A.B. asks: 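Next up is a structure, given as structure tokens.
From a predicted model like this one, the values you see are computed outputs, not experimental measurements. By convention in this document, chain letters (A, B, ...) are assigned in the order of the sequence lines, proteins followed by strands, and residues within each chain are numbered from 1.
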Amino acid sequence: MTRRERVLAHLAGQPVDRLPLMPITMMFAGSLIGARYRDYCTDYRVLVEGQIRTAEAFGFDYVNTMSDPAREAADCGAAVEYFDHQPVALVEGQSLLADKARLLSLKVPDPRGGGRMHNALKALELYQQRVGKEMIIEGWVEGPIAEAADLRGINTLMMDFYDDPAFVRDLFAFVIEMELRFAREQIKAGADIIGVGDAAASLVGPGIYNEFVWPYEKQLVDGIHALGGRVRLHICGNTRQILEGMSRLGCDIIDLDSLAPLTEARQKMGPDPVLLGNLNPVTILRNGNPDDVTRAIAECHRQAGPRFIVGAGCEVPRDTPHENLRALCAYAHSHRP
Amino acid sequence: MPDLKQLYDAVVSGDAKTAQLITKEALAAGIDPLKLVNEHMVPAMDEVGRRFEANEYFVPELLISARAMKGALELIRPLLIARGDKPVGRVAIGTVKGDLHDIGKNLVASLLEGGGFEVLDLGVNVSPEKFIEAVNAKQADIVAMSALLTTTMPAMKTTIDALTQAGVRGKVKVLIGGAPITQKYADEIGADGYSENAVGAVALAKKAVGVA
């Protein structure tokens, strides 16, 4: 079976020859091909080359378009800073929606308008040509709270939940409209799966998550499904308090960070959802040795059970020793679900 | 005479308006400003920290409580300075050079302020020179650095080396934190302390200045 067939069969609950393998790499992939990370973020050809070569070198089942959280915000006109050797970052001191009234005149940018979103679409089209039959192609959108934080400023947004809940809902609605438009174009361009990154969701408790964030995440997940895409949800950080809500979103893959134990996730989510993760990317994958990695991923597998995909809790750090990443991959290559 | 329990409650619940109002009334009634801080606001922020650790409060709740506390402190601080009262200690805090992610740093800064420290918030993307300046010009007792990325954490070592070169390393305690940081890393680069969470960072800072 091809890598693509393996992942799709696993998601559909059909038998597969081995565990699927889908770790997130970004700076690691850029570094592997000797590229400046600035170019990885801004030139789709560099990103595609880095992803394909990393997937080939380590036997991943997929490639992705992720490089930084600022793709959509930059196209909206937000101030972002580019660095030579690290991800593009938002400049919160100059946040686009420092003045809330600006939301009223903010237009959803055209994903094919020549900006950073367009760059991601070109990456997907190139993936489709080069590895479309072989590998899973994953696009990426920001989730409601992550993108709202990018546009408004994360510190301010956190207080908006109490100060101006109606504004938060209007902002989330804008974000969902934009992300669904971006997701539609990504699926047209060849994405099998859309990753939804909603990092800031781990900063709020279950009260705010269920009242504000969940309904918009649900709209996004349902919208992507209606477009024919599958969804991988990734929330960086400690999600223990919101696991139950995450499980009700109906995502195809729930990719957990290392702070949320898989045992707990499985207990709260039941036997069906496919869990991905989640060994500690820094203390185990980057700082440990191959034996540590093998032990940790075997334990993740034991806790998650058969509905499991091998990956780290978050991005594979740039300076991860290759033998450690090989150990992670070897586990997937040599184990059935 | 205002009910000072309301000041405590206003900080815990993040009600900035009431916190300022009660503080104004209390000061007008001649209540010792230091008493307002030590007997009402510091215990309130301790309670906020406790709830944060117990997963009863999360980042939004902590930030609105910190805002309420800061609003009240703005009224009180000039009075304390005028009569020469000293803070528990002075902390220069910032995210390291190249790192723009500041929410963790802001949580620590708020809890430090709630713990009676004077906080010199140097913001994000702070160069070693700026930390050195804070030590020299503002007599900071503690330099607190944060990094979210494995790619920016080496700037912590650069900053510690720069403090040493500038001849001020012996004057300050250096505390570090952030998602990729470990105790091992803190030991390797010669930091004086590391905490994996904001509440622990305050305990560490108190220990560093000898008040805990």
A.B. asks: Measure the OG1-CE distance between B/Thr151 and A/Met27 for me, rounded to the nearest 0.5 Å.
C.D. replies: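 It comes to 4.0 Å.
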A.B. asks: For a 4.5 angstrom cut-off between non-hydrogen side-chain atoms, does B/Phe58 reach A/Met158?
C.D. replies: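 Sidechains of A/Met158 and B/Phe58: no contact.
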A.B. asks: Looking at every heavy atom in both A/Glu81 and B/Asn125, which two are closest together, and how far apart are they?
C.D. replies: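 Residues A/Glu81 and B/Asn125, closest heavy atoms: OE2-ND2, 4.5 Å.
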A.B. asks: Please report the C-alpha distance between B/Met153 and A/Val282 in whole Å, then the side-chain angles of each, then the deciding distance to 0.1 Å, and finally whether the side chain to side chain contact (heavy atoms under 4.5 Å, CB included) criterion is met.
C.D. replies: CA-CA 12 Å; B/Met153 61 189 237; A/Val282 177; 5.6 Å; no
A.B. asks: Report which part of B/Leu100 has an atom under 4.5 Å of a heavy atom belonging to chain A: side chain, backbone, both, or neither.
C.D. replies: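 Answer is side chain: those atoms of B/Leu100 sit under 4.5 Å from chain A.
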A.B. asks: Tell me, for A/Asn280 versus chain B, whether the close heavy atoms (under 4.5 Å) come from the side chain, the backbone, both or neither.
C.D. replies: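 Neither part, no heavy atoms under 4.5 Å.
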A.B. asks: To the nearest 0.5 Å, how far apart are CG in A/Asp163 and CZ in B/Arg67?
C.D. replies: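 Answer for the CG-CZ pair, A/Asp163 versus B/Arg67, is 4.0 Å.
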A.B. asks: Out of B/Ala179, B/Gly14, B/Gly98, return the one with the most heavy atom pairs under 4.5 angstrom to chain A.
C.D. replies: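 Among B/Ala179, B/Gly14, B/Gly98, the one with the most close pairs to chain A is B/Gly98.
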A.B. asks: Count the heavy-atom pairs under 4.5 Å between each of B/Leu149, B/Asn55, B/Thr182 and chain A, then report the option with the highest count.
C.D. replies: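 Answer, by heavy-atom pair count under 4.5 Å with chain A: B/Asn55.
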A.B. asks: Just wondering, more than 12 heavy atoms not from A/Lys100 lying within 6.0 Å of its NZ?
C.D. replies: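 Yes.
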A.B. asks: Kindly check if the number of other-residue, nucleotide or ligand heavy atoms within 6.0 Å of CD (B/Glu133) is above 12?
C.D. replies: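 No, the 6.0 Å shell around CD holds no more than 12 heavy atoms from other groups.
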A.B. asks: Rounded to the nearest 0.5 Å, what separation is found between the OH atom of A/Tyr162 and the CG atom of B/Asp15?
C.D. replies: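 Going from the OH atom of A/Tyr162 to the CG atom of B/Asp15 covers 12.5 Å.
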A.B. asks: Quick one, B/Ile103 with A/Asn155, criterion side chain to side chain contact (heavy atoms under 4.5 Å, CB included). Give me CA distance, side-chain angles, the key distance, then yes/no.
C.D. replies: CA-CA 6 Å; B/Ile103 198 143; A/Asn155 291 278; 3.7 Å; yes
A.B. asks: Tell me, side chain or backbone of A/Leu157 under 4.5 Å from chain B's heavy atoms, or both, or neither?
C.D. replies: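 For A/Leu157, no heavy atom lies under 4.5 Å from chain B.
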A.B. asks: Tell me, side chain or backbone of A/Pro281 under 4.5 Å from chain B's heavy atoms, or both, or neither?
C.D. replies: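 Contact with chain B: none, neither part.
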A.B. asks: So if I apply the side chain to side chain contact (heavy atoms under 4.5 Å, CB included) rule between B/Thr150 and each of A/Gln86, A/Glu315, A/Arg318, A/Arg286, which one comes out positive?
C.D. replies: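 The residue from A/Gln86, A/Glu315, A/Arg318, A/Arg286 that satisfies side chain to side chain contact (heavy atoms under 4.5 Å, CB included) with B/Thr150 turns out to be A/Arg286.
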A.B. asks: Please examine the side chains of B/Glu61 and A/Ile208, heavy atoms only from C-beta on, and report whether any two atoms are closer than 4.5 Å.
C.D. replies: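 With C-beta onward as the side chain, the pair touches.
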